[in-house]
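Heavy atoms only: backbone and side chains are in, while hydrogens, waters and symmetry mates are out. Chain letters run A, B, ... following the sequence lines, proteins first and then strands; every chain starts at 1.
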Protein chains: 2
Amino acid sequence: MDWDEVRIFLAFAREGSFSAAAKRLGIQHSTVSRRIQALEKKLATPLLERSASGYELTRAGEELRISAYRIEQELLSFEAASAGQSNEAVGELRVTAIANMASTILMPIFARFSAANPNIDLRIEVTNDSVRLAEREADVALRQTNAPGETLIGTRLTTVASAVYGSVGYCKAYKSGQFDEKWIGVDCCDYHRTWTKQACPTNEHAFCVDETSLTVAALKEGLGVGYLPCFLGDAEPTLARAREPEQQHDLGLWLLYHRDLRNVKRVTLFREHMQREIKQLVDIFEGKQEAIR
Amino acid sequence: MDWDEVRIFLAFAREGSFSAAAKRLGIQHSTVSRRIQALEKKLATPLLERSASGYELTRAGEELRISAYRIEQELLSFEAASAGQSNEAVGELRVTAIANMASTILMPIFARFSAANPNIDLRIEVTNDSVRLAEREADVALRQTNAPGETLIGTRLTTVASAVYGSVGYCKAYKSGQFDEKWIGVDCCDYHRTWTKQACPTNEHAFCVDETSLTVAALKEGLGVGYLPCFLGDAEPTLARAREPEQQHDLGLWLLYHRDLRNVKRVTLFREHMQREIKQLVDIFEGKQEAIR
DNA sequence: CCGACACTGTGCAAATATGCAAAACGGTTT
DNA sequence: AAACCGTTTTGCATATTTGCACAGTGTCGG
């Protein structure tokens, strides 16, 4: 029995299709298909069967999935332990961050880390949906939240304040009482969706976006007002605050990683780097206007 | 990371050399060497280092060995469970038996099982040293013992009686008091060695053998007397009992297998077959002379 | 001290697995 | 019903891995 086929099967069981599994594994779907076939043949047991929508695991397949998961955990924790021992700042470090942050304020920080640690190849990946660090989809996750997962450990880097923004022109006209505020419908994350709903209970939006960068662009066009993290809104000279930030909209910026990685050099280095750098930007994140002017 | 490399590493860690690992895995030693090299490269951690005699595992290697062992257990128990579910009498059944039995009295029984179950490919392997059923070196073991391992389960098929044999001519001459009995030195198993020592405390042997079939041949030549299982000694017309079997020399014949395999069809079938067949041969095994005459 | 032996590393040819592209299939939409 | 999308399967050329043979090295025993 080829143990590597179990790894491939696990990817398939997670993703639900050969194609998706292949994509994650970075191999061809035909290979996934063939190797799972080979596995079934060797075990003399079908592991999956066609169903109405996609595939469904058989009982044996389900059990193998569980076993494979345990094996994965076993190997991941071994890898983490062995990396912790060698204690060298080498290897790959996969960081997942939120799009709007990674492409703006964080990028120079990443760049400096990379320059300071040339032997660590840093891979930044943008993922807005929650990433499964237990399965090591990434080594480190940067997340905005007030309730970080329990099984993960990490640091609260800073507080991210948000406020209501509009274009400079829009805000001026609005404040002089020319018309009611129009809210842009946002669907980029749970927080912004909820806050918008609270601020604009009628839920009437003439314009909707599902991505923070689109919110910025829409606001610039004078289409209305909407929530933005201050570090984004304040950085745009054509935008102005329609309301000042409120504490209830504060979010923690967390740097999270799996317990097993807590002693791995490249992770601790990255954590310390982020803490140092973010500390200098705390005013920007917390929306202290003085920091801008 | 290729999980299959962990499997190969485990074999290496067990056997202590590339060659031996390759032999057990049924692949080339160069492959073992290359894949372990590849594994070390991927982990960026040395797993083994040269030492005075052979290789020695590094700390990381030792940990990987432990992880790999757990993984193996995980997969073996999955395989057993999945085979148990399908409940079909198909697949490979690896039986390990003692040489002198397998080649004589048991062979017709194996043959009948094979004929009755054409979809099970039966592999008989002769191993005198204790086999590790936990690592599934075999599915079923046939062993002579009075203390079967605790972690294994199985059935006591019958009692194997042993007696002292010599050639017909030798026994006749000896019984008529022409000379003292000469003991052949045997080293085929702990039991025979111990018994021989007890019977012949001087430990003076003009002729020594280390295999039961050699004992038979030596006895036939009239070289002396020695212990044989009755089913072997009685089957040889040119041999006669120098002494009758004693109860203290009785051994249990056990059919042993791993707990996980207790519900696997091909194993239960084999067990039942063996029980049925051996029951008919109980007189031969217990050395009841009437059975022969 | 030398030869026999067993083990590991390397070059090359053969076997095997992979990627790629096209075809087949199922489900959904127009 | 037809066209489309995403997915899986299949055939084929290529890339990789494996086995094999040989060379190099260390150990053991005479």
Side-chain angles (χ1 to χ4, degrees), chain A residues 1-58 60-62 64-65 68 71 75 127 129 210, chain B residues 1-58 60-62 64-65 68 75 92 127 129 187 208 210:
Chain A
M1 177 172 181
D2 186 335
W3 288 10
D4 208 44
E5 280 163 359
V6 178
R7 183 174 65 91
I8 291 172
F9 175 80
L10 176 61
F12 167 82
R14 281 217 182 95
E15 300 294 330
S17 83
F18 291 156
S19 311
K23 199 169 161 189
R24 171 176 299 197
L25 294 171
I27 58 175
Q28 217 68 17
H29 38 251
S30 46
T31 303
V32 176
S33 163
R34 283 186 279 231
R35 297 205 70 173
I36 289 181
Q37 274 178 32
L39 184 58
E40 286 182 303
K41 196 173 168 186
K42 269 174 241 170
L43 294 171
T45 311
L47 296 170
L48 41 100
E49 55 189 6
R50 288 195 166 287
S51 80
S53 61
Y55 282 90
E56 193 138 341
L57 297 187
T58 62
E62 196 57 49
L64 182 57
R65 196 179 65 80
I71 291 171
L75 287 176
T127 45
D129 42 332
D210 75 337
Chain B
M1 177 173 179
D2 186 334
W3 289 10
D4 208 44
E5 281 164 358
V6 178
R7 183 175 64 91
I8 290 172
F9 175 79
L10 177 60
F12 168 81
R14 280 216 183 94
E15 299 295 331
S17 82
F18 291 155
S19 310
K23 199 169 162 190
R24 171 177 298 194
L25 294 170
I27 59 177
Q28 217 67 18
H29 48 252
S30 47
T31 304
V32 176
S33 162
R34 284 187 278 232
R35 297 205 72 174
I36 290 181
Q37 273 178 32
L39 184 59
E40 287 183 303
K41 196 172 168 187
K42 270 175 240 167
L43 294 171
T45 310
L47 295 170
L48 42 100
E49 54 188 7
R50 287 195 166 288
S51 80
S53 62
Y55 284 89
E56 193 138 339
L57 297 188
T58 63
E62 196 56 49
L64 182 58
R65 196 180 65 80
L75 287 175
E92 190 182 83
T127 46
D129 43 336
D187 199 24
C208 288
D210 75 340

Pairs under 3.5 Å (N/O, protein and nucleotides 13-20 of chain D):
{"from": "D:dT18", "atom 1": "OP1", "to": "B:R35", "atom 2": "NH1", "distance (Å)": "3.0"}
{"from": "D:dG19", "atom 1": "OP2", "to": "B:Q28", "atom 2": "N", "distance (Å)": "3.1"}
{"from": "D:dG19", "atom 1": "OP2", "to": "B:T31", "atom 2": "OG1", "distance (Å)": "2.8"}
{"from": "D:dG19", "atom 1": "N7", "to": "B:R34", "atom 2": "NH2", "distance (Å)": "3.2"}
{"from": "D:dG19", "atom 1": "O6", "to": "B:R34", "atom 2": "NH2", "distance (Å)": "3.4"}
{"from": "D:dC20", "atom 1": "OP2", "to": "B:Q28", "atom 2": "OE1", "distance (Å)": "3.0"}
{"from": "D:dC20", "atom 1": "N4", "to": "B:S30", "atom 2": "OG", "distance (Å)": "3.3"}

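- Under the side-chain hydrogen bond (donor to acceptor under 3.5 Å, both in side chains) criterion, A:E62 pairs with A:R65, sequence neighbours left out.
- One interatomic measurement links the two molecules: CD of A:Q37 to C1' of C:dA17, which rounds to 14 Å at whole-angstrom precision.
- Side chains of A:I71 and B:V6 form no contact here, defined as non-hydrogen atoms less than 4.5 Å apart.
- The ring pair (Phe, Tyr, Trp, His ring centres under 6.0 Å) pairs that include a residue from residues 21-48 of chain B number zero, where partners must be two or more places apart or lie in different chains.
- B:E15 has its CD atom 15 Å from the C1' atom of C:dA6, to the nearest Å.
- Under the 3.5 Å distance criterion, the side-chain polar atoms of A:R7 are matched with a main-chain donor or acceptor of B:M1.
- Between the CG atom of B:D4 and the C1' atom of C:dT16 there is a distance of 14 Å, rounded to whole Å.
- Between the CG atom in A:D2 and the CG atom in B:D2 there is a gap of 6.5 Å [rounded to 0.5 Å].
- Less than 4.0 Å separates DNA chain D from at least one heavy atom of each of the following residues of residues 17-25 of chain A: A:S17, A:F18, A:S19.
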Output one line per pair: protein atom, nucleotide atom from nucleotides 3-6 of chain D, and distance, for all N/O pairs under 3.5 Å.
none

Point to revise | Intermediate values then yes/no, side chain to side chain contact (heavy atoms under 4.5 Å, CB included), B:L39 and B:L64 | key: CA-CA 11 Å; B:L39 184 59; B:L64 182 58; 3.9 Å; yes
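- In this structure A:R34 satisfies the salt bridge (Lys or Arg N to Asp or Glu O under 4.0 Å) test with no other residue, sequence neighbours excluded.
- Atoms CG (B:L48) and C1' (C:dT8) sit 12 Å apart, rounded to a whole Å.
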Sequence neighbours left out, cut at 3.5 Å: what donor-acceptor pairs do the side chains of residues 9-27 of chain B make with other protein atoms?
{"from": "B:R14", "atom 1": "NE", "to": "B:E135", "atom 2": "OE1", "distance (Å)": "3.2"}
{"from": "B:R14", "atom 1": "NH1", "to": "B:E72", "atom 2": "OE2", "distance (Å)": "3.3"}
{"from": "B:R14", "atom 1": "NH2", "to": "B:E72", "atom 2": "OE1", "distance (Å)": "2.5"}
{"from": "B:R14", "atom 1": "NH2", "to": "B:E72", "atom 2": "OE2", "distance (Å)": "3.4"}
{"from": "B:E15", "atom 1": "OE2", "to": "B:R24", "atom 2": "NE", "distance (Å)": "2.9"}
{"from": "B:E15", "atom 1": "OE2", "to": "B:R24", "atom 2": "NH2", "distance (Å)": "2.7"}
{"from": "B:S17", "atom 1": "OG", "to": "B:A20", "atom 2": "N", "distance (Å)": "3.0"}
{"from": "B:R24", "atom 1": "NH2", "to": "B:E137", "atom 2": "OE2", "distance (Å)": "3.4"}

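- The side-chain contact (heavy atoms from CB on, under 4.5 Å) check on A:Q28 picks up A:S30, A:T31, with sequence neighbours excluded.
- Partners of A:E40 according to the side-chain hydrogen bond (donor to acceptor under 3.5 Å, both in side chains) rule, which considers only residues two or more places apart in sequence or in another chain, do not exist here.
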